[in-house]
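Below: the structure, in structure tokens.
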Amino acid sequence: MNYWLMKSEPDIFGIDDLRERPRQTEPWDGVRNYQARNMLRDQMRRGDHAFFYHSNCKEPGIVGIMEIVREGYPDDSAWDPKSPHFDPKSTPLQPRWYKVDVRYQLKLRRCITLQELKRHPELAALPLLKRGNRLSIMPVTPDQWRRILILE
DNA sequence: GCCAACGTTGGC
DNA sequence: GCCAACGTTGGC
């Protein structure tokens, strides 16, 4: 099983929004970065687990866990002119962007903040903590996954 | 193919 | 709201 960390701005779509969705499931769409796209399309597998990370907010950090329930398929928001993620270069015949479906699994008892993660030298290799990293989806090793969870 | 300009991300 | 860091665009 693979592990991941996926960022979302809670003001737009937070963990509570996911939990309140029908079947607690939602397509993770709108990703417009090629590196992240490749992970969505090529590497994520059904049953993989992912941290839900709240970004660009008062208390950035990991707030919960979700599961990948559908593997990469074309992100149709790219060919919707009304979507904020519209990309005219992506078409149904030649989709450029992909999404997966995620399902809510649990909320951590507390937010494990970015500030706290930075204090742990054993997590220094987390892409999240690398200088200038702006990827909205990134891999987490099984060891990192375990070390983060015991912080809770 | 270089690289300056521009837009975006996201912590602070 | 600031701004560092990075990705993308497009002229040449």
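From a predicted model like this one, the values you see are computed outputs, not experimental measurements. Values below: every heavy atom of this structure, side chains too, minus hydrogens, waters and symmetry copies. Per chain, numbering begins at 1; letters A, B, ... match sequence-line order.
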Show me the donor-acceptor pairs, under 3.5 Å and distance only, between side chains in residues 64-75 of chain A and residues at least two apart or in other chains.
| unit_1 | atom_1 | unit_2 | atom_2 | d |
| --- | --- | --- | --- | --- |
| A:Glu67 | OE1 | A:Gln105 | NE2 | 3.4 |
| A:Glu71 | OE1 | A:Arg45 | NH1 | 3.4 |
| A:Glu71 | OE2 | A:Arg46 | N | 3.0 |
| A:Tyr73 | OH | A:Asp101 | OD1 | 2.5 |
| A:Tyr73 | OH | A:Asp101 | OD2 | 3.4 |
| A:Asp75 | OD1 | A:Ser77 | N | 2.9 |
| A:Asp75 | OD1 | A:Ser77 | OG | 2.6 |
| A:Asp75 | OD2 | A:Gly30 | N | 2.8 |
| A:Asp75 | OD2 | A:Arg32 | NH1 | 2.9 |
| A:Asp75 | OD2 | A:Arg32 | NH2 | 3.4 |
| A:Asp75 | OD2 | A:Ser77 | OG | 3.3 |

For DNA chain B, find the residues of residues 53-66 of chain A with a heavy-atom distance under 4.0 Å and give them by number; none if there aren't any. A:Tyr53, A:Ser55, A:Asn56, A:Pro60

Any sub-3.5 Å donor-acceptor pair from A:Asn56's side-chain atoms to A:Glu9's backbone N or O? no

Scan residues 20-61 of chain A for pairs that pass ring-ring contact (aromatic ring centres under 6.0 Å, His included), counting only residues two or more places apart or in two chains. A:Trp28-A:Phe52, A:Tyr34-A:Trp97, A:Phe51-A:Trp145, A:Phe52-A:His54

Phosphate OP1/OP2 of B:dG10: any A:Lys7 side-chain N/O under 4.0 Å: yes

Quick one: does any side-chain atom of A:Ser90 pair with a main-chain N or O of A:Pro88 as donor and acceptor, under 3.5 Å? no

Tabulate below the donor-acceptor pairs under 3.5 Å that side-chain atoms of residues 109-116 of chain A make, not counting sequence neighbours, or state none.
| unit_1 | atom_1 | unit_2 | atom_2 | d |
| --- | --- | --- | --- | --- |
| A:Arg110 | NH1 | A:Glu116 | OE1 | 3.0 |
| A:Arg110 | NH2 | A:Glu116 | OE1 | 3.4 |
| A:Arg110 | NH2 | A:Glu116 | OE2 | 3.0 |
| A:Arg110 | NH2 | A:Leu151 | O | 2.9 |
| A:Thr113 | OG1 | A:Glu116 | N | 3.1 |

Separation of A:Gln115 atom CD from B:dC12 atom P, in whole Å? 7 Å

Please give, in whole Å, the distance from C:dT8 C1' to A:Gln35 CD? 14 Å

Among the candidates C:dG7, B:dG11, C:dT9, find the nucleotide nearest to the side-chain atoms of A:Lys89. C:dT9

Only pairs at least two apart or in different chains count here, so list each ring-ring contact (aromatic ring centres under 6.0 Å, His included) that has a residue in residues 100-134 of chain A. none

A:Gln144 versus A:Thr141, side-chain donor and acceptor atoms under 3.5 Å: yes

Could you check how far CG of A:Leu117 sits from P of B:dG11, rounded to whole Å? 11 Å

Using whole Å, what does the distance between atom P of nucleotide B:dT8 and atom CD of A:Glu9 come to? 13 Å

Integer-rounded Å distance: C:dT9 C1' and A:Asp87 CG: 13 Å

Name every residue in residues 127-138 of chain A that has at least one heavy atom under 4.0 Å from any atom of DNA chain B, in order of residue number, or write none if there are no such residues. A:Arg134, A:Leu135

Using a strict cut-off of less than 4.0 Å between a Lys/Arg side-chain nitrogen and an Asp/Glu carboxylate oxygen, indicate whether A:Arg21 and A:Asp17 qualify as a salt bridge. no

Could you give the NZ-to-P distance, from A:Lys118 to B:dG10, as a whole number of Å? 13 Å

Return yes if some donor-acceptor pair links the side-chain N/O of A:Ser8 with the main-chain N/O of A:Phe13 below 3.5 Å, else return no. yes

